[in-house]
Asks: 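Dumping the structure here so I can ask a few things about it.
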Amino acid sequence: MEELYHSGYWEAEERRRAATAAETLASYDAALGRLSRAPEEVPLTRATIGTPKTDPSWHEFVVGLLACLPVVGGLYSAFGVSRAFPDGPRTAVTIGALATAAVVVLLLMVTALWLADRLDRAGRRDALLRTGTAMVLACVRALEAPDADRAGHLRKLDDLYRRTEPLVLRAHRVRGTIGGSSPRRAAARRHAELVAGALRRELCRVDAEPRDALRDLAGKLVTVCERYAEGRIGGLLPEEDLVDVEPVTVARQALRESALMTVVIFVAFCGALGAWLGCRAAGVPDDLLPLAAAAGLLLGGTLAGGWRRTVRLVELLPGL
């Protein structure tokens, strides 16, 4: 392992990550100056973003090893289906092998990504700091951009916020300062919901008062990140910033996601049924109809709710 670590690729990758971290830190310091905040106010945040994300000596090796599992599993499943039906029609066996291999590859990829995320404990813990920092930089860029060029920066800001809000809501679970059965957990969760509501309120002000809203949103994010780094999960923002805030509850998010998944399932079913009937009417061989239905399902589900939600439909299929 030591020889692998000192190979040219990982040494170059380590230098690249160090340079990226230094560049991010310099940009963050400049953003703090634009917000009239001193770098000395946020020492822990600066220490985190100034450090390369992961140690490539072990993490990349494990992720690369896990990435090989889907390929091996897919090939093994295709071989197993072909061996199980040696006397069946060639086309049907081929289609069955490919379909089984695709399902196995998908499941193994999800498992590999889940394991890789769990192995990178430091990355999970520091995700809010890094994503929040990126959002602060996006706020400052949008603040400095001319009015005519601000639209692209605001779209980028929306993308970052969709990644930041779940991290805020999970702060009490990820930071590692509160046990799973601790009575402090409920209070920290309620506080996180209020903090997410305060951040969302500032984000929604951007279309009415762009400069003030961007400055306030960036300032709140700076405070949230530093207090999170300090372990102050129950005090990510001061109480005066949480007055008259509508909390973003996990239950409401779950209800919204359930409603959207219902739409995705319905549209995906319609897509599969339409593809099946259309190909059957066009005289497509019966052996190819399942593939047409699968393509219609994926197309309909992706158009309705995106690729990630469509992939989650696999969990609803019987026997998987």
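The structure displayed is predicted, hence computed values, not measured ones. For the single chain, residues carry numbers from 1 onward in sequence order.
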Asks: Just to verify, what does R150 make a salt bridge (Lys or Arg N to Asp or Glu O under 4.0 Å) with, not counting sequence neighbours?
Replies: D147
Asks: Between E202 and R205 (salt bridge meaning N to carboxylate O under 4.0 Å), is one present in this structure?
Replies: yes
Asks: Is there side-chain contact between L273 and C270, with at least one heavy-atom pair below 4.5 Å?
Replies: no
Asks: Can you tell me if T131 uses its side chain to pair, donor with acceptor, with the backbone of A127 under 3.5 Å?
Replies: yes
Asks: If you look at every heavy atom in A142 and L154, which pair is closest and at what distance?
Replies: CB-CD2, 4.2 Å
Asks: Tell me the closest heavy-atom pair linking L217 and C139, and the distance in Å.
Replies: CD2-SG, 3.8 Å
Asks: Side chain to side chain contact (heavy atoms under 4.5 Å, CB included) for V174 and L167? Distances and angles first, verdict last.
Replies: CA-CA 8 Å; V174 178; L167 296 174; over 6 Å; no
Asks: Look only at the side chain of R185 and the backbone of R173, and say whether a donor-acceptor pair between them is shorter than 3.5 Å.
Replies: no
Asks: Which is it for D159 and K156 under the salt bridge (Lys or Arg N to Asp or Glu O under 4.0 Å) test, yes or no, and what are the steps along the way?
Replies: CA-CA 5 Å; D159 293 338; K156 176 66 174 178; over 6 Å; no
Asks: Determine, stepwise, if the pair L203 / L157 fulfils side chain to side chain contact (heavy atoms under 4.5 Å, CB included).
Replies: CA-CA 9 Å; L203 180 69; L157 186 64; 3.9 Å; yes
Asks: Considering the options R227, E230, E226, which one meets the side chain to side chain donor-acceptor pair (under 3.5 Å) requirement together with T45?
Replies: E226
Asks: Counting N and O atoms only, with roles assigned by atom type, does the side chain of H172 sit under 3.5 Å from a partner on the main chain of A192, one being a donor and the other an acceptor?
Replies: no
Asks: Search all heavy atoms of C225 against all heavy atoms of G132 and return the closest pair with its distance.
Replies: SG-CA, 3.8 Å
Asks: What heavy-atom pair brings A196 and L169 nearest, and what distance separates the two atoms?
Replies: CB-CD2, 3.8 Å
Asks: Both conditions, 6.0 Å and 45 degrees, for the charged tip of R200 above the ring of Y161: are they met here?
Replies: no
Asks: CD/E246 to CD/E193 distance, rounded to the nearest 0.5 angstrom?
Replies: 11.5 Å
Asks: Between atom CZ of R184 and atom NE2 of H191, what is the distance when rounded to the nearest 0.5 Å?
Replies: 13.5 Å
Asks: Looking at D212 and R215, is any side-chain nitrogen of the basic one under 4.0 Å from a carboxylate oxygen of the acidic one?
Replies: no
Asks: Would you compute the distance between atom CG of L194 and atom CD of E239 and round it to the nearest 0.5 angstrom?
Replies: 8.0 Å
Asks: Supply the atom-to-atom distance D158 CG to M135 CE, rounded to the nearest 0.5 angstrom.
Replies: 8.0 Å
Asks: Could you tell me if the side chain of V136 sits less than 4.5 Å from the side chain of L35, heavy atoms only?
Replies: yes
Asks: Verify the cluster assignment for L129 and L44: are they in a single hydrophobic cluster under the rule of side-chain heavy atoms below 4.5 Å apart?
Replies: no
Asks: Return the minimal non-hydrogen interatomic distance between P52 and A18, and the atom names on each side.
Replies: CG-CA, 3.9 Å
Asks: Just so I know, are the side chains of T223 and L237 near enough to count as touching, which here means a heavy-atom distance under 4.5 Å?
Replies: yes
Asks: Which pair of non-hydrogen atoms, one from S182 and one from I178, has the smallest distance, and what is that distance?
Replies: CB-CG2, 3.8 Å
Asks: Step by step, would you call R125 with Y228 a side chain to side chain contact (heavy atoms under 4.5 Å, CB included)?
Replies: CA-CA 10 Å; R125 186 190 64 235; Y228 173 82; 4.2 Å; yes
Asks: Are E165 and L199 close enough that some pair of their side-chain heavy atoms sits under 4.5 Å apart?
Replies: no
Asks: Hey, could you give me the OG/CG distance between S27 and L137, rounded to the nearest 0.5 Å?
Replies: 6.0 Å
Asks: Cluster question for you: counting only ILVMFWY and a side-chain heavy-atom cut-off of under 4.5 Å, with indirect links fine, are L242 and V222 together?
Replies: yes
Asks: Quick check: does any side chain N or O of R211 sit under 3.5 Å from a backbone N or O of L143, one acting as donor and the other as acceptor?
Replies: yes
Asks: Roughly how far, to the nearest 0.5 Å, is the CG atom of L236 from the CZ atom of R175?
Replies: 10.5 Å
